[in-house]
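FYI, the numbering just counts along the sequence from 1.
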Amino acid sequence: MTEKVAITPATHTTPPAKFSHGVRKGNILQVAGQVGFLPAEEGKPPTTAGPTLRAQTLQTFANVKAILEEGGATWDDVMMMRVYLTDVDHFAEMNEIYNAYFEEQGLKAPASARTTVYVGLPKGLLIEIDALAVLDA
């Protein structure tokens, strides 16, 4: 039986509740919902990358990627992503940012599956993303 291992990159703060930023068990890596917080600075509260959807989305991708890499995965290992938006009017812009980001990352085909839903997030946060990766055994 494979042990479950918590994944927390140095760039991330301790979660505000009892959960892990990422958990790997065997060849499965689940990345918890990430938001557009800049890398952690000791003694300072979390700060968003900016007020725009673009700034927060790109930082959210960076935060997800940091957990994937810490857990031994890449974007090519991601099977499913879930995107949570606070405003339905952000859907088209988010798709443009999403598509451009993954083109720049040079992902192999096919792209991961994805779901997008609309939710409430803490004040100032516009997007949250989680990912499920399956690594080669």
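Both Ile67 and Tyr101 are assigned to one and the same hydrophobic cluster, defined by single-linkage of ILVMFWY side chains at heavy-atom distances under 4.5 Å. Under the 4.5 Å side-chain heavy-atom criterion for Ile, Leu, Val, Met, Phe, Trp and Tyr, Ile28 and Val5 are members of distinct hydrophobic clusters. When the side chains of ILVMFWY residues are joined at heavy-atom separations under 4.5 Å, either directly or via intervening members, Phe19 and Leu121 end up in two distinct hydrophobic clusters. Cluster annotation: Leu58 and Val78 are assigned to the same hydrophobic cluster (Ile/Leu/Val/Met/Phe/Trp/Tyr, side-chain heavy-atom contacts under 4.5 Å, transitive). Follow the hydrophobic side-chain contacts under 4.5 Å out from Val119 and you never reach Met80; the two are in separate clusters.
With a 4.5 Å cut-off on side-chain heavy atoms, Val35 and Gln56 do not count as touching. At a threshold of 4.5 Å between non-hydrogen side-chain atoms, the residues Asn95 and Arg114 count as touching. The shortest side-chain heavy-atom distance between Thr13 and Phe37 does not fall under the 4.5 Å cut-off. Between Ile129 and Gln34, the closest side-chain pair of non-hydrogen atoms is not below 4.5 Å. Counting heavy atoms from C-beta outward, Gln59 and Pro39 have side chains that approach closer than 4.5 Å. Side chains of Gln105 and Lys65 form a contact here, defined as non-hydrogen atoms less than 4.5 Å apart. Looking only at side-chain heavy atoms (C-beta outward), Ser20 and Ile7 stay at 4.5 Å or farther from each other. Looking only at side-chain heavy atoms (C-beta outward), Val117 and Arg82 stay at 4.5 Å or farther from each other.
Note that CE of Met94 is 6.0 Å distant from CD1 of Ile127, once rounded to the nearest 0.5 Å. One distance of note links OH of Tyr84 with OG1 of Thr60; it measures 12.5 Å at 0.5 Å rounding. Considering CG of Leu53 and CD of Glu93, their distance stands at 4.5 Å, rounded to 0.5 Å. To the nearest 0.5 angstrom, Met81 atom CE is 11.0 Å from Thr115 atom OG1. With values rounded to the nearest 0.5 angstrom, Leu126 atom CG is found 8.5 Å from Leu85 atom CG. Note: Asp136 CG to Asn27 CG = 8.0 Å, rounded to the nearest 0.5 Å.
Scanning all heavy atoms of the two residues, the minimum distance from Asp130 to Gly33 falls at CB-N, 3.6 Å. The two residues Ala55 and Ala49 come nearest to each other via the heavy atoms O-CB, 3.5 Å.
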Candidate pair Leu125 and Thr48, rule side chain to side chain contact (heavy atoms under 4.5 Å, CB included), full reasoning: CA-CA 7 Å; Leu125 294 174; Thr48 60; 3.5 Å; yes

Give the C-alpha distance, both sets of side-chain angles, the deciding distance and a yes or no for side chain to side chain contact (heavy atoms under 4.5 Å, CB included) between Leu135 and Arg24. CA-CA 10 Å; Leu135 291 77; Arg24 181 170 175 177; 3.3 Å; yes

Dump the intermediate steps for side chain to side chain contact (heavy atoms under 4.5 Å, CB included) on Thr8 and Glu70, then the final yes or no. CA-CA 7 Å; Thr8 303; Glu70 186 82 10; over 6 Å; no

Set out, in order, the CA-CA distance, both residues' side-chain angles and the distance that settles side chain to side chain contact (heavy atoms under 4.5 Å, CB included) for Thr74 and Leu68, then state yes or no. CA-CA 6 Å; Thr74 70; Leu68 289 171; over 6 Å; no

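The closest donor-acceptor contact from the side chain of Asp76 to the backbone of Lys108 lies under 3.5 Å.
Counting heavy atoms of neighbouring residues, nucleotides and ligands inside a 6.0 Å radius, atom CE of Met79 does not exceed 12 of them.
Taking the six-membered ring where tryptophan is involved, the planes of Phe61 and Trp75 are perpendicular, since the angle between them exceeds 60° and thus also 30°.
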